[in-house]
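For reference, the structure discussed in these notes is given below.
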Amino acid sequence: MRILLIHSDYLKYKTKSKTKIAEKIDDKDKIGEFKEALVVFTAVEKEDEENPDGVVENAVSEVKDVLSKVGAKNVVVYPYAHLSSSLSSPDVAKEVLQKMESRLDEMNIPVARAPFGWYKAFEVSCKGHPLSELSRTVTAEPKKEEKVEEEKSKFYVIADGKILSTEEFRYKEGDFKKLVANELGKMESTGEEPPHVRLMREKSLADYEPSADVGHLRWYPKGRLIRDLLADYVYNLVTERGAMPVETPIMYDLADKAINAHAAKFGERQYRLGTKSKNLMLRYACCFGAFRILADSFLTWKNLPVGMYELSTYSFRLEKKGEVVGLKRLRGFTMPDLHTVCRDMDHAMEEFNDQIDMCKQTGVDLGVNYEVIMRATADFFEENRDWVMEAVSKIGKPVLLEILPERKHYWIAKMDFAAIDYLGRPIENPTVQIDVESGERFGITYMDQEEKEVNPIILHCSPTGSVERVICSLLEKTAAEMDEKPPMLPVWLTPTQVRIIPIAERHADFAMKLASDLKAQKVRVDVDEMHETVGKKIRNAGKEWVPYVVVVGDKEIEGNQLTVNVRKTGEKVSMDVDELVSRIHDETAGMPFRNLPLPITLSKRVHF
RNA sequence: GCCUUAGUGGCUCAGGGGUAGAGCGAUGCCUUGGUAAGGCAUAGGCCGGGGGUUCAAAUCCCCCCUAAGGCUCCA
């Protein structure tokens, strides 16, 4: 924003004719005359659209400062577009000017405002003393002094239907104890690197991409396969429950008020980009896209609940550099994001309970243990204590409860599910939230039974949390359990499910035939026909965490039994092809399948 | 973003003012083998980038980039 401050003897103006963007005014405002006024000629600029309120605050304090120095009697805010060549939209400009007026008024400073969007004749008499003419550029940025001590949350443990203080609860050794220690900031740190960072590279899943920004990854074929399978998994999970998949843009115009207000809560953690005429931000979740569709749809009470699902490939958050790590904290990541439109709070609470079940189920399907935090505002908790207790009881084990003194974000209640990493720190994964703000802010309405337009309550839910964090949890889990059992991924997610090892060259044809049989029955299989000893090839299969390894030689060609090395148990089991296939099918029942996106023979494979 | 530490072949690391090193991996040859490393050979390096100090810098100094840990933070 540009402002030109003139300390005047008097200012007179008279409206002449309207422009297209003129605001409506009373006749009395068509002429104005002010004596001993500090005239604030103001041009609101494009960049102010990102944070109009911040600009208003800073402009007002600037005006107040000058006012006290020159000792003018009153302030006139005067729209003056000619101070800038990069103007904001008229709507934002009007809003900013109005807010400047009302903020000054609140401070008991006599203030008037000349009408916006009119051609005006004016006459100003400048006093001519040193401070009587000042120009300033005002931005939204520096208002750092707002480090007000916020009232802190209170934490409790809910166990067996009782609310206990975090001190009186008796912890068993394990993930929940670690979660609480972390949440309360009582975690002693070991200073090691989380093992998943090494594993994601060692297993050729993903790696840092130095040519991108910090926190953006390249995904190799195996990693990409796992991502796709997880995407399929969540897609099936939510569509079975009636959600409708959509796809929406990854960037949004900050001139949109609702988006701006929502984005402002995210503060500095946004990627911004500009074109000649717009200020854009990259989305940090799918909320905007879903809300815009929902706002433009005609919803009725009969439709509800309406579930809208999108996998955000990608979501962007400009996390601080020192916080970005491996798969755990990224600047570009992929998150399943489900928004559910509910009639009212009762309905939302009912759906919330359903979604708890869904989140819980993902832990089972992925083989990952979740510990749970229920968070609620104090008001909500007092009014809905019974419901909270019931929701928590669905978890079937102790849950950490956070009571927030007041609403900080758009939600009044949420449940967070966290896996615990090798070093005992939480990886925040699934979440369900009750959003009481966005319905109104984004103009989402539905027609209720009395034919009235009503703002719905909206649930946000990510049933697995970000895809990257899911993979992170899986890898951390294998590292944590390394001493007890051989590390491996769930069979439905593992790239190579069966590795066939021919003993000598004359067994290669048989191995290839066997592989194509297995492949035809939807098993991901490959053949290690490299010029190596059997021992070496077994070892290599082990390094890749292949769950089933089949060595084929003369014996297997003659009979129809295979000797299968089962990684999970470390046993060598004799079975025929059908038994192997059905064993794998049983283990992966209900889970998505995709083909192995790699050459079937190892010698053709690229080393990433 | 701040503090600390680190960056040397694809990977894991040694070296530490004066010929650039090892293991694994890769490639080739020999071995045609029965369950977690067979043998021999070869290739592969602007020692993260830029500036400086020096006769001489991978090595010392400064700046930057990247990573890890910590702080802080994560709707």
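Sequence lines set the chain letters: A, B, ... in the order given, protein chains first and strands last, and positions in each chain run from 1.
- In this entry B:rA20 has no Watson-Crick or G-U wobble partner, no candidate having both defining distances under 3.5 Å.
- A:Arg331 contributes no side-chain N or O that forms a donor-acceptor pair with the base of B:rC74 under 3.5 Å.
- For B:rU53, there is no paired base (Watson-Crick or G-U wobble, both distances below 3.5 Å).
- In this model, the phosphate group of B:rU72 is not approached by any side-chain N or O of A:Lys320 to a distance below 4.0 Å at OP1 or OP2.
- Protein atom CD1 of A:Ile557 is 18 Å distant from nucleotide atom P of B:rU32, rounded to whole Å.
- Regarding A:Asp207, its CG atom lies at a distance of 15 Å from the P atom of B:rU66, rounded to whole Å.
- For the ring pair (Phe, Tyr, Trp, His ring centres under 6.0 Å) criterion with A:His339, the lone passing option out of A:Phe291, A:Tyr309, A:Phe442 is A:Phe291.
- Ring geometry for A:His262 against A:Tyr284 counts as parallel: the plane angle stays under 30°, on a 0 to 90° scale with 60° as the upper cut.
- Rounded to whole Å, the separation between the P atoms of B:rG49 and B:rC30 comes to 41 Å.
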Quick test: give all pairs of protein nitrogen or oxygen and nucleotides 33-36 of chain B nitrogen or oxygen below 3.5 Å, distance rounded to 0.1 Å.
from	atom 1	to	atom 2	distance (Å)
B:rG33	N7	A:Ile503	O	2.5
B:rG33	N7	A:Ala504	N	3.4
B:rG34	O6	A:Asp554	N	2.8
B:rG34	O6	A:Lys555	N	2.9
B:rG34	N1	A:Glu556	OE1	2.8
B:rG34	N2	A:Glu556	OE1	3.3
B:rG34	N2	A:Glu556	OE2	2.7
B:rU35	O2	A:Asn565	OD1	2.7
B:rU35	O2	A:Asn565	ND2	3.2
B:rU35	N3	A:Asn565	ND2	3.4
B:rA36	O4'	A:Gly535	O	3.4

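- Nucleotides B:rA14 and B:rA41 have their P atoms positioned 27 Å apart, rounded to a whole Å.
- If you find the closest nucleotide of RNA chain B to A:Arg329 and to A:Pro210, the one lying nearer the 5' end belongs to A:Pro210.
- In this structure, NZ of A:Lys328 is placed 17 Å from P of B:rA67, rounded to the nearest angstrom.
- B:rG7 and B:rG15: their P atoms are spaced 10 Å apart (whole Å).
- For the C1' atoms, the distance from B:rG1 to B:rC64 is 16 Å, rounded to whole Å.
- Under the Watson-Crick and G-U wobble criteria, each requiring two contacts below 3.5 Å, nucleotide B:rU5 is paired to B:rA67.
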### Message
Evaluate A:Leu514 against A:Val552 for side-chain contact (heavy atoms from CB on, under 4.5 Å), listing each step before the verdict.
### Response
CA-CA 10 Å; A:Leu514 182 58; A:Val552 295; 3.9 Å; yes
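- Rounded to an integer number of Å, the gap from A:Glu323 CD to B:rA68 C1' is 15 Å.
- One can place CG of A:Asn182 at 13 Å from C1' of B:rC74, the figure rounded to the nearest angstrom.
- Within the nucleic acid shown, A:Gly326 comes within 4.0 Å of sugar-phosphate atoms alone, with no base atom in reach, counting heavy atoms only.
- Within 4.0 Å of A:Val214, counting heavy atoms only, lie sugar-phosphate atoms of the nucleic acid but no base atom.
- No contact: A:Glu202 has no heavy atom under 4.0 Å from any strand.
- Nucleic acid contact class of A:Arg201 (heavy atoms, under 4.0 Å, all strands): none.
- No side-chain donor from either of A:Thr377 and A:Glu406 sits under 3.5 Å from a side-chain acceptor of the other.
- The side-chain heavy atoms of A:Ile158 and A:Met374, taken from C-beta on, include no pair separated by under 4.5 Å.
- Position along RNA chain B of the nearest nucleotide to A:Ala212 versus A:Lys414 favours A:Ala212 as the more 5'-ward residue.
- Of the possible polar contacts, none joining the A:Arg499 side chain to the A:Asp526 backbone as a donor-acceptor pair under 3.5 Å is found.
- With a 3.5 Å ceiling on both atom-pair distances, B:rC47 lacks any Watson-Crick or G-U wobble partner.
- A donor-acceptor contact shorter than 3.5 Å is absent between the side chain of A:Glu544 and the backbone of A:Val546.
- With hydrogens and angles disregarded, no donor-acceptor distance shorter than 3.5 Å links the side chain of A:Thr334 to the backbone of A:Tyr314.
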### Message
Please evaluate residues A:His216 and A:Tyr271 with respect to the criterion ring pair (Phe, Tyr, Trp, His ring centres under 6.0 Å), reporting the C-alpha separation (whole Å), side-chain torsions for both, the decisive distance (0.1 Å), and the verdict.
### Response
CA-CA 13 Å; A:His216 294 261; A:Tyr271 273 100; 5.8 Å; yes
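- Here the separation of B:rC60 from B:rG25, taken at their C1' atoms, is 35 Å to the nearest Å.
- Ring geometry for A:Tyr220 versus A:Phe608: interplanar angle under 30°, hence parallel rather than tilted (30 to 60°).
- Using atom P as the reference point in both B:rA20 and B:rG9, the two lie 15 Å apart (nearest Å).
- Taking atom CD of residue A:Glu209 and atom P of nucleotide B:rC65, one finds them 18 Å apart after rounding to whole Å.
- Taking the C1' atom of each, B:rG48 and B:rU59 are spaced 15 Å apart, rounded to whole Å.
- Taking 4.0 angstrom as the limit, A:Arg605 places none of its side-chain polar atoms (N or O) nearer than this to OP1 or OP2 of B:rG25.
- For B:rA36, there is no paired base (Watson-Crick or G-U wobble, both distances below 3.5 Å).
- With a cut-off of 3.5 Å on both Watson-Crick or G-U wobble distances, the partner of B:rA26 is given as B:rU42.
- Remark: C1' of B:rG25 and CD of A:Glu544 are 13 Å apart, rounded to the nearest angstrom.
- Across the protein-nucleic acid pair, A:Leu602 atom CG and B:rU27 atom P stand 11 Å apart, rounded to whole Å.
- Contact annotation for A:Arg469: base contact, defined as any heavy-atom pair under 4.0 Å involving a base atom.
- On the C1' atoms, B:rG16 is 11 Å away from B:rC47, given to the nearest whole Å.
- Put simply, A:Tyr208 has no side-chain N or O that comes within less than 4.0 Å of OP1 or OP2 on B:rG48.
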